[in-house]
Amino acid sequence: MRPINRGDWPTENNFPVDFPEYGDARPYLIARLGDYCSYCENQITNPAVEHEQPKNVAPGIERSWYNFLLSCVNCNSIKGHTYLNLDNFYWPDIHNTFLLFEFHPLGVITVKTNLHPSVDINKAQSTLNLTGLERYGFGVASGADRRWIKRSQAYGKAEDCLKYYLNNDRPNDYILSITNTATSTGFWSVWMKVFENEPLVIFALKNTFSNTFDECDNTNINRL
C-alpha cells in the first residue's frame, strides 16, 4: 500500500477551499495523489472520494480534507459504512504502509513475514482485510472484483520491463519508459517489489508517483 502525503488543506487566494459537497474535493485529491485507489493502488478513471471514518457515522467530518482518500468501487464498498476504531488499522496518509504487505506474481497480497519491529502484525492483517485486499482467485473474489487480476497483469508488465532493463545493461534512458508504464498501469507496490534490487528505478518510482512518502524504505511504521 503506497504511503502518501496528502498535504495540508488546499487553499485559494490564501483561504481554505470550501467543499459544499465532499465530492468537490476529488480534483484536489487527484492533483495531489494521482488517479489511484489509496488502498489497492489500481489506476482508475474516476476515483471516488473515500472517507477514512465513514461519513454516515461521523457527519461532522464528512467534508473534512483530513478524512479524505481516493478509492475504487471495490475497496469503497468492501470497507463499508460502519464505525471504525481508526487506531486498529494502518493508514496510507499517516503510516509507512510500504512496510506491511508482500506482493506476489499471481495478484496475491499477504502480510510480510519479516515485518519491521515497529509493525503490529494484527493491525497489519486488519488493514489487509479492511478493503478485501487479500481476496484473489475465481470463486474467492467476486466476478466484479478484478483487482487481483489487474495486479497480476501489472506484475507481468513489470517483470517484462525488468528483463529488458537487465538484458540491455540497465540503460538510464529506459527508466522513463518504466515509470511511464508504471504510472499508466498503477500498482506502485508491485513495481517497487519487482525492481527492489534496482536503486535507480526505485528512486524514479518514488518520485514519479505524486506525493509518495519518500522515506518509505528506511523508516518505521510511524514515519519516524
Side-chain angles (χ1 to χ4, degrees), residues 1-7 29-30 32-44 47-53 67-80 84 86-105 107-116 118-136 141 145-152 154-155 158 182-183 185-196 202 205-224:
M1 185 181 291
R2 180 170 71 105
I4 55 175
N5 294 314
R6 182 182 49 226
L29 290 164
I30 292 174
R32 296 277 181 92
L33 307 176
D35 49 356
Y36 306 101
C37 177
S38 299
Y39 300 109
C40 73
E41 306 179 36
N42 192 4
Q43 194 277 335
I44 40 183
V49 176
E50 144 71 8
H51 297 81
E52 289 181 303
Q53 188 65 267
N67 194 37
F68 293 154
L69 292 174
L70 291 170
S71 180
C72 69
V73 64
N74 294 109
C75 288
N76 201 1
S77 62
I78 293 170
K79 181 170 173 281
L84 296 175
L86 299 182
D87 290 338
N88 290 339
F89 306 90
Y90 292 119
W91 300 96
D93 59 316
I94 299 173
H95 302 104
N96 181 16
T97 46
F98 179 64
L99 301 177
L100 299 178
F101 306 135
E102 191 70 49
F103 289 76
H104 306 274
V108 181
I109 305 178
T110 58
V111 173
K112 286 184 177 179
T113 55
N114 57 337
L115 286 170
H116 189 277
S118 63
V119 178
D120 181 323
I121 189 172
N122 293 320
K123 285 178 67 170
Q125 189 65 53
S126 295
T127 303
L128 182 68
N129 298 343
L130 179 64
T131 56
L133 294 180
E134 81 286 3
R135 300 179 186 181
Y136 75 96
D145 184 359
R146 302 185 70 254
R147 294 173 299 172
W148 66 277
I149 296 174
K150 296 182 76 173
R151 272 197 306 271
S152 179
Y155 206 108
T183 53
T185 303
F187 303 103
W188 173 86
S189 293
V190 167
W191 291 84
M192 291 288 285
K193 167 63 179 178
V194 172
F195 283 92
E196 62 185 348
I202 291 296
L205 289 168
K206 290 194 294 183
N207 285 277
T208 303
F209 281 76
S210 300
N211 285 308
T212 298
F213 174 55
D214 60 3
E215 297 181 24
C216 60
D217 50 3
N218 59 8
T219 188
N220 72 21
I221 191 67
N222 295 308
R223 301 193 182 187
L224 296 178

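Quantities reported herein were computed from a predicted structural model and do not represent experimental measurements. Counting from 1, the numbers follow the sequence of the chain as shown.
Note on ring orientation: taking the six-membered ring where Trp is involved, the planes of Y36 and F209 are tilted (angle from 30° to 60°).
For K79 (side chain) and E52 (main-chain N/O), a donor-acceptor pair under 3.5 Å exists by modelled atom type. The closest donor-acceptor contact from the side chain of S71 to the backbone of P47 lies at 3.5 Å or more, if one exists at all. Judged by distance alone, the side chain of N220 and the main-chain N or O of H116 form no donor-acceptor pair under 3.5 Å. Using a distance-only test at 3.5 Å, with no hydrogens or angles considered, a donor-acceptor pair links the side chain of E41 to the main chain of R2. Judged purely by atom type and a 3.5 angstrom limit, T219 has no side-chain atom pairing as donor or acceptor with the backbone of C216. Although no hydrogens or angles enter the test, the distance criterion places no donor-acceptor pair under 3.5 Å between the side chain of N5 and the main chain of G7. In this structure, the side chain of T127 does not engage the main chain of F89 through any donor-acceptor pair within 3.5 Å. Remark: side-chain polar atoms of T97 are not paired, donor with acceptor, to backbone N or O of W91 under 3.5 angstrom. Using a distance-only test at 3.5 Å, with no hydrogens or angles considered, no donor-acceptor pair links the side chain of R135 to the main chain of A141.
Within the 4.5 Å cutoff, the side chain of C72 has heavy atoms near those of the R147 side chain. Side-chain contact check for L130 versus L84: some heavy-atom pair is nearer than 4.5 Å. Taking the side chain as every heavy atom from C-beta outward, H104 and T110 approach each other to under 4.5 Å. Contact of the L100 side chain with the L128 side chain is not registered, since no non-hydrogen atoms from C-beta on lie closer than 4.5 Å. For the pair N74/C40, no side-chain contact is recorded, criterion being any heavy-atom separation below 4.5 Å from C-beta on.
What you find for T131 and C75 is that their closest heavy atoms are CG2-O, 3.6 Å. In terms of heavy atoms, T208 sits closest to T183 at CG2-CG2, 3.5 Å. A pairwise comparison of heavy atoms in Y90 and S118 identifies OH-O, 4.1 Å as the closest pair. Closest non-hydrogen pair, H95 versus N222, comes out as CD2-OD1, 3.7 Å. F101 and A124 make their closest contact through CE2-O, 3.5 Å (heavy atoms, listed as atom of the first residue, atom of the second, distance). Taking each heavy atom of R6 and R32 in turn, the nearest pair found is O-NH1, 2.6 Å.
Here the CD-CG distance, from E50 to N76, works out to 5.0 Å after rounding to the nearest 0.5 Å. Between the CG atom of L70 and the OH atom of Y39 there is a distance of 10.0 Å, given to the nearest 0.5 Å. With rounding to the nearest 0.5 Å, the separation of CD1 in I44 from CG in D35 is 7.5 Å. With values rounded to the nearest 0.5 angstrom, S38 atom OG is found 4.0 Å from I4 atom CD1. We find the OG-CZ distance between S152 and F187 to be 10.0 Å, quoted to the nearest 0.5 Å. Separating the SG atom in C37 from the CG atom in L133 is a distance of 7.5 Å, to the nearest 0.5 Å.
Listed by chain and number, the residues in a side-chain contact (heavy atoms from CB on, under 4.5 Å) with L115 are V111, K112, V119, I121 (sequence neighbours excluded). Residues satisfying the salt bridge (Lys or Arg N to Asp or Glu O under 4.0 Å) criterion with K123, sequence neighbours excluded, are absent altogether.
Counting only residues at least two apart or in different chains, salt bridge (Lys or Arg N to Asp or Glu O under 4.0 Å) contacts with residues 205-220 comprise K206-D217.
Ion pair K193/E102 flagged as a salt bridge, since at least one NZ, NE, NH1 or NH2 atom sits closer than 4.0 Å to an Asp/Glu carboxylate oxygen.
When the shell of 6.0 Å around CZ of F98 is examined, it contains more than 12 heavy atoms from other residues, nucleotides or ligands.
In this structure, R223 forms a cation-pi arrangement with F213, its terminal cationic atom sitting closer than 6.0 Å to the ring centre and no more than 45° off the ring axis.
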